[in-house]
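The next block holds one structure in the form of structure tokens; read it before the comments.
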Amino acid sequence: MKLYRHLRVCLVLAASLFLASQPAWATKRVALVIGNSSYQNVPLLPNPANDAAAIAATLKGAGFDVVDSRLNLAASDMRRALRDFADQARDADIALVYYAGHGIEIDGTNYLIPTDAKLERDTDIYDEAFSLDRVLLAIEPARQLRVVIVDACRNNPFADTMKRTVASRSISRGLARVEPTVSNTLIAFAAKAGLTALDGNSKNSPYAMALVKYIAKPGLDLRRAFGFVRDDVLQATGNRQEPYVYGSLGGEDVALVPAPKAEEPTQAANPQSEIRRDYELALQLRNKAALNAFLTQHPDGYYADLAKLQLNQLDAEDARVAATEKARQAEQQQARLTSQGAQRADQEKAAAELKAAEDARIAAEKAKQAAQEQAAEAERKRTASETAIAAALSGNKPAVENTVAGNPEGVAPVQADNAPKVAALSQEPRQTDIAKTDIDKTDIAKSVQSELSRVGCFTGAIDGQWNAASQRSLALFNRHAGTKFDAKLASLDALDAIKLKPSRVCPLICDHGYKADGDQCRKITCAEGSFLNDDNECEKRRGKKPVAKRNTDERPSRADRPARERPQPTVDVPRRQATARSGGSSGQIVCDQYLCRQVRSGCHLEYRGGGGPGGNTGNVEVCH
């Protein structure tokens with residue numbers, strides 16, 4: 001019995017030692033990867049299958065315990081895949097779902113579309129597609145982290161054929177904003193809510209290529225990984241596509257692939273590194289609450305000054321919005337008084353208030369621009385300083401962080417003989433700074449041109465040259481969007497405002513004979529019996545009124561008459577006219593070469609030869 005008891009104790013101690021020797025990060029990680037390309041009722045999508053294959057290979061190489069890769073799933077197959085993966089996620093620590101294909105937002109709910117969907121009516125979405133909530137339900141049992149990556153921010157391919165059963169039902173482009181209800185859940189979209197993603201010119205989309213680059217990097221916090229993905233996609237698409245992440249995590253670093261234990265630093269944690277990380281998290285959220293919380297925790301120091309600059313920028317933006325609204329109300333008040341025929345004094349007062357409000361709006365615009373430039377310049381210097389010093393002192397990372405945080409404006413040379421020398425960073429702008437500023441201005445101008453082209457206000461070359469054509473395009477956008485940006489300058493404010501417009505702003509202008517049909521000009525075809533008038537409208541032809549004509553078809557011409565029918569010339573002979581006798585004349589008529597008259601009373605006519613008044617004597621009047 002004692003031998004059995006000792007043997008049991010030894011087994012328990014051995015098991016405890018074995019468990020203690022296992023890595024602390026040995027968690028179970030499972031993933032479901034779906035790529036729908038071959039749709040049966042809409043055109044083929046070339047990239048999703050390739051993107052899904054690349055993501056699956058990346059996760060398998062990162063050591064995931066389960067990577068279930070499925071391609072071109074019909075509704076029944078997709079339902080079975082989600083059900084099977086829910087069983088896998090039940091005892092997992094990290095569960096990830098990646099979906100590439102078509103997605104649709106209806107009434108604020110996002111749906112993933114199987115390959116056999118028809119969607120003849122808007123209500124068919126509930127029977128033929130899967131809501132994003134269904135995917136979240138499948139990964140909900142995971143204990144530590146739940147991640148859903150949706151690379152489906154494309155145009156709705158069923159929009160032209162889908163019948164709406166209720167006119168008020170909303171069907172938008174792209175996907176709708178979501179807020180996870182379960183903690184430690186992240187939902188990543190390839191593009192911001194309401195916008196569409198680009199497939200790119202290679203076999204993989206820009207979003208998938210960036211995910212492969214960063215998502216499985218050992219030790220990289222997942223929030224920073226998605227931040228790097230965002231930067232790469234913005235650069236690859238010319239700021240036309242901005243990925244977005246919804247949800248929140250705690251203060252601990254969360255990586256899909258933990259860093260090897262041997263690479264973990266042995267020295268004590270650097271407090272400046274913690275402050276920098278808190279600042280970057282607050283900067284990513286970009287709202288007053290996050291920045292004020294950071295300043296409450298870290299009220300002094302270099303990063304506190306940076307946070308105050310960011311807070312000033314947000315305050316300036318709020319002031320600009322308030323001033324713009326006040327100017328709009330003053331303009332409406334003046335228009336109302338003018339239309340009502342108010343007294344002159346009231347109209348003059350309204351005009352003065354409008355001028356003051358407009359001046360305040362312009363001042364707020366300038367203040368916001370100055371605050372934005374100041375914050376951007378501070379961030380640029382911070383990034384440049386940290387990058388340069390980290391590159392020079394790559395073997396002494398904690399010292400670099402301490403130096404950057406403690407001396408933001410310049411870094412003193414390292415005095416150790418065996419350490420590399422680093423020149424102090426001067427406050428004066430260098431040639432590289434000036435060149436970078438010019439490049440930034442060109443990039444901003446190119447981005448504004450690209451966005452103006454997207455909303456139909458710009459048709460020139462997207463070359464970054466802010467010329468007269470670009471200025472006219474921004475002025476055209478101001479007129480149709482109700483904004484008042486300075487057309488002479490391609491600013492970040494204008495870029496942000498244009499990006500918020502989901503569809504065409506400037507009307508499509510077509511030549512005569514064509515009409516606007518969406519984003520294209522289509523030729524106008526008039527029905528038979530109609531013609532296209534000067535107003536570019538089809539007008540019915542008017543029939544000509546009948547005109548009476550002499551019928552010459554049945555009546556022979558003079559040349560065609562027989563000789564016997566032609567009238568023969570006759571000699572002018574005075575014709576006797578039977579006229580009533582009057583008391584003052586004989587009742588006869590005599591004519592000469594000028595006129596005819598009655599024979600006078602007591603006279604008569606005698607024929608004396610000749611042809612008459614035409615040239616001979618004829619009848620003459622004889623009076624006794």
Side-chain angles (χ1 to χ4, degrees), residues 32-56 69-82 85 97-136 138 148-164 169-178 187-200 202-208 211 233 237 240-241 243-244 246 502-503 518:
L32 173 63
V33 180
I34 301 175
N36 285 346
S37 286
S38 301
Y39 282 87
Q40 301 174 12
N41 301 297
V42 293
L44 172 73
L45 284 177
N47 282 19
N50 300 330
D51 295 341
I55 296 297
S69 180
R70 307 286 186 95
L71 299 179
N72 301 321
L73 298 184
S76 58
D77 299 329
M78 201 164 176
R79 184 178 298 107
R80 188 179 304 109
L82 290 173
F85 186 69
V97 175
Y98 172 84
Y99 172 81
H102 275 307
I104 297 178
E105 180 266 318
I106 296 182
D107 281 343
T109 302
N110 301 313
Y111 295 90
L112 311 183
I113 311 301
T115 56
D116 59 346
K118 294 183 179 180
L119 299 183
E120 297 176 349
R121 297 173 297 274
D122 52 5
T123 54
D124 292 346
I125 196 74
Y126 306 113
D127 302 320
E128 300 180 11
F130 297 88
S131 69
L132 189 57
D133 293 337
R134 176 65 183 88
V135 180
L136 294 173
V148 178
I149 303 175
V150 184
D151 192 359
C153 306
R154 296 174 172 86
N155 282 325
N156 180 2
F158 302 92
D160 295 336
T161 58
M162 182 186 294
K163 299 178 181 178
R164 295 197 183 188
R169 180 167 287 121
S170 170
I171 302 177
S172 304
R173 68 198 301 256
L175 299 178
R177 177 188 179 93
V178 293
I187 301 176
F189 283 175
K192 188 183 293 187
L195 301 179
T196 56
L198 304 175
D199 282 331
S202 62
K203 72 173 187 177
N204 293 113
S205 67
Y207 185 63
L211 283 174
V233 173
T237 61
R240 289 180 292 172
Q241 176 182 341
Y244 223 76
Y246 301 93
S503 59

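Numbering of residues begins at 1 and proceeds along the displayed sequence.
For the side chain to side chain contact (heavy atoms under 4.5 Å, CB included) test with H102, the passing option among N36, L45, T115, L112 is L45; the others fail. Residue Y98 is tested with V150, L32, D151, I34 for a side chain to side chain contact (heavy atoms under 4.5 Å, CB included); the sole match is D151.
Nearest heavy atoms, A52 versus V33: O-CG1, 3.4 Å. Of all heavy-atom pairs spanning P114 and A129, the tightest one is CD-CA, 3.8 Å.
At least one side-chain heavy atom of I187 sits under 4.5 Å from a side-chain heavy atom of L136. A 4.5 Å side-chain heavy-atom check between F130 and L82 finds at least one atom pair inside the cut-off. With contacts defined as side-chain heavy-atom distances shorter than 4.5 Å, the pair R70/F85 does not qualify.
Side chains of D51 and S205: a donor on one and an acceptor on the other come within 3.5 Å.
To the nearest 0.5 angstrom, Y39 atom OH is 10.5 Å from L44 atom CG. In this structure, CD on E120 lies 10.5 Å from CZ on F158, to the nearest 0.5 angstrom. How far OH of Y126 is from CD1 of I106: 6.5 Å, rounded to the nearest 0.5 Å. Summarising the geometry, atom CG belonging to L175 is positioned 12.5 Å from atom OH belonging to Y111; distances are rounded to the nearest 0.5 Å. Summarising the geometry, atom OG1 belonging to T123 is positioned 9.0 Å from atom CD belonging to E128; distances are rounded to the nearest 0.5 Å. Distance check, rounded to the nearest 0.5 Å: CG of D122 to NZ of K163 gives 11.5 Å.
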Apply side-chain contact (heavy atoms from CB on, under 4.5 Å) to L119 and I113, showing your working.
CA-CA 10 Å; L119 299 183; I113 311 301; 4.2 Å; yes
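Surrounding OH of Y246 are more than 12 heavy atoms belonging to other residues, nucleotides or ligands, all under 6.0 Å away.
Side chain of Q241 to main chain of V233: no donor-acceptor pair is present (N/O by atom type, distance under 3.5 Å, no hydrogens or angles). Under a 3.5 Å cut-off, the side chain of D124 and the backbone N or O of R121 do form a donor-acceptor pair. In terms of modelled atom types and a separation under 3.5 Å, the side chain of S37 and the main chain of A49 share a donor-acceptor contact. At least one donor-acceptor pair closer than 3.5 Å links the side chain of N72 to the backbone N or O of S38. The backbone N or O of N50 lies less than 3.5 Å from a partner atom in the side chain of N204, making a donor-acceptor pair.
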